[in-house]
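Only this structure's heavy atoms are used, side chains among them; waters, hydrogens and symmetry mates stay out. Keep in mind it's a predicted model, so treat the numbers as computed, not measured.
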Amino acid sequence: MTKKLVIAICALPLLAGMVSLAGCGKKEPVEEQRSTSSPAAAAPVTPIDPATAASVSGTVKFDGAAPKPAKIDMSQDPNCQGANTAENIVVHDGHLANVFVYVKEGLGNRTFDTPREAVTLTQVGCKYAPHVLGAMAGQMVKIVNSDPTTHNIHPTPKDNREWNESQAPQATPLEKSFAREEILLPVKCNQHPWMKMYISVVKSPFYSVSGPDGRFEIKGLPPGDYTLAFVHEKLGEQDQKVTLGVKDSKTVDVSFKQ
């Protein structure tokens with residue numbers, strides 16, 4: 001075998017390796033193109049003419065004798081001071097508090113801006129305040145610990161991501177959001193088992209929570225036919241239909257009973 005032929009045969013594996021590397025290099029632009037592809041455009045926000053906007057308000061009542069609030073024993077933590085009672089049914093003079101009211105049907109395919117302002121959930125006196133909180137999907141919920149003890153905030157949703165995070169006294173507020181609509185999403189504290197509250201996540205800004213006087217109000221609705229849902233953690237849901245005209249103001253009262 002000649003010297004030139006031997007050199008040529010020995011060079012074949014090296015040449016094949018160079019071809020292989022060149023072939024691998026051709027894939028890089030494809031991967032880069034995938035990573036830099038633009039995301040899908042968000043749906044445009046539907047404007048509402050304030051000159052035609054309507055409102056609906058009313059009172060949520062409790063039918064029958066109001067149950068006596070159960071006292072909560074907080075002695076397991078000496079940092080939990082003061083009296084505390086269960087908030088699962090709160091009635092004052094026949095008016096029912098903590099009912100979440102929202103537009104369940106009638107908005108069609110309308111979309112709305114996510115508020116830039118956060119809603120606040122405070123831990124004070126080893127209880128959550130408020131007991132029922134509303135927020136839009138994607139809106140920040142700022143969680144504040146005003147107690148001299150550590151809390152452990154633990155939402156247990158069905159349709160959103162579950163998380164569980166401790167918060168020391170006077171710690172920086174936590175900021176969390178929920179991506180999908182979910183009514184009365186439960187929140188508890190693993191450190192203090194009596195601490196419970198609910199966050200209702202909705203797709204529109206048209207919601208309210210009844211106060212100690214049972215009152216609620218929803219403003220800024222475009223004229224149309226709507227279904228309002230009244231939801232209570234223990235007493236269930238009632239739906240009421242209402243038709244709102246231009247600059248209309250309607251009253252819708254409901255009553256719950258055990």
Side chains of [X] and [Y] in contact at under 4.5 Å (non-hydrogen atoms):
X      : Y      : result
Thr150 : Pro169 : yes
Asn145 : Ile143 : no
Pro212 : His95  : no
Arg180 : Pro157 : no

*Would you check if there is a donor-acceptor pair between the side chains of Asp147 and Thr149 at a distance under 3.5 Å?*
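Thr149 vs Asp147: no donor-acceptor pair found between side chains.
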
*Hey, are Gln167 and Gln123 close enough side-chain-wise for a donor-acceptor pair under 3.5 Å?*
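On atom types as modelled, these side chains qualify, holding a pair under 3.5 Å.
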
Transitive ILVMFWY side-chain link [X] to [Y], under 4.5 Å:
X      : Y      : result
Leu185 : Trp163 : yes
Tyr207 : Leu121 : no
Val231 : Ile199 : no

_Contacts of type ring pair (Phe, Tyr, Trp, His ring centres under 6.0 Å), residue Phe206, not counting sequence neighbours_ =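 Listed in chain order: Phe112.
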
*In chain order, what residues pass the ring pair (Phe, Tyr, Trp, His ring centres under 6.0 Å) check against Tyr102, with sequence neighbours excluded?*
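Here the qualifying residues are Phe100.
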
*Return each pair, listed once, that meets ring pair (Phe, Tyr, Trp, His ring centres under 6.0 Å) where at least one residue sits in residues 221-258; pairs must be two or more places apart or across chains.*
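Sorted result for residues 221-258: Phe216-Phe230.
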
_For the NZ atom of Lys127 and the SG atom of Cys189, what is their distance to the nearest 0.5 Å?_
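If I round to the nearest 0.5 Å, the distance is 14.0 Å.
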
*Atom CG in Leu235, atom CG in Asn98: separation rounded to 0.5 Å?*
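The CG atom of Leu235 sits 11.0 Å away from the CG atom of Asn98.
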
_Salt bridge present between Asp248 and Lys250 (N-O < 4.0 angstrom)_ =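 Here Asp248 pairs with Lys250 in a salt bridge, since their nearest N and O are under 4.0 Å apart.
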
Name the atoms and distances for all side-chain donor-acceptor pairs under 3.5 Å in residues 103-110, with sequence neighbours left out.
from	atom 1	to	atom 2	distance (Å)
Lys104	NZ	Glu237	OE2	2.7
Lys104	NZ	Asp239	OD2	3.2

_Selection residues 185-202 - residue pairs positive for side-chain hydrogen bond (donor to acceptor under 3.5 Å, both in side chains), sequence neighbours left out_ =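 Output for this query lists Asp77-His192, His151-His192, Asn152-Asn190, His154-Asn190.
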
_Members sharing Val246's hydrophobic cluster (side chains within less than 4.5 Å)_ =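 Via sub-4.5 Å side-chain contacts, Val246 links to none.
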
*Any donor-acceptor pair under 3.5 Å linking the side chain of Glu162 with the backbone of Thr156?*
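Looks like no, no N/O pair under 3.5 Å.
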
*Is Gln81 reaching over with its side chain to a backbone N or O of Gly125, donor-acceptor style, under 3.5 angstrom?*
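Pair absent, no side-chain N/O of Gln81 close to backbone of Gly125.
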
*asked:* How about CG on Asp49, more than 12 heavy atoms from neighbouring residues, nucleotides or ligands closer than 6.0 Å, or not?
replied: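 Yes, CG of Asp49 has more than 12 neighbouring heavy atoms, counting only those of other groups under 6.0 Å.
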
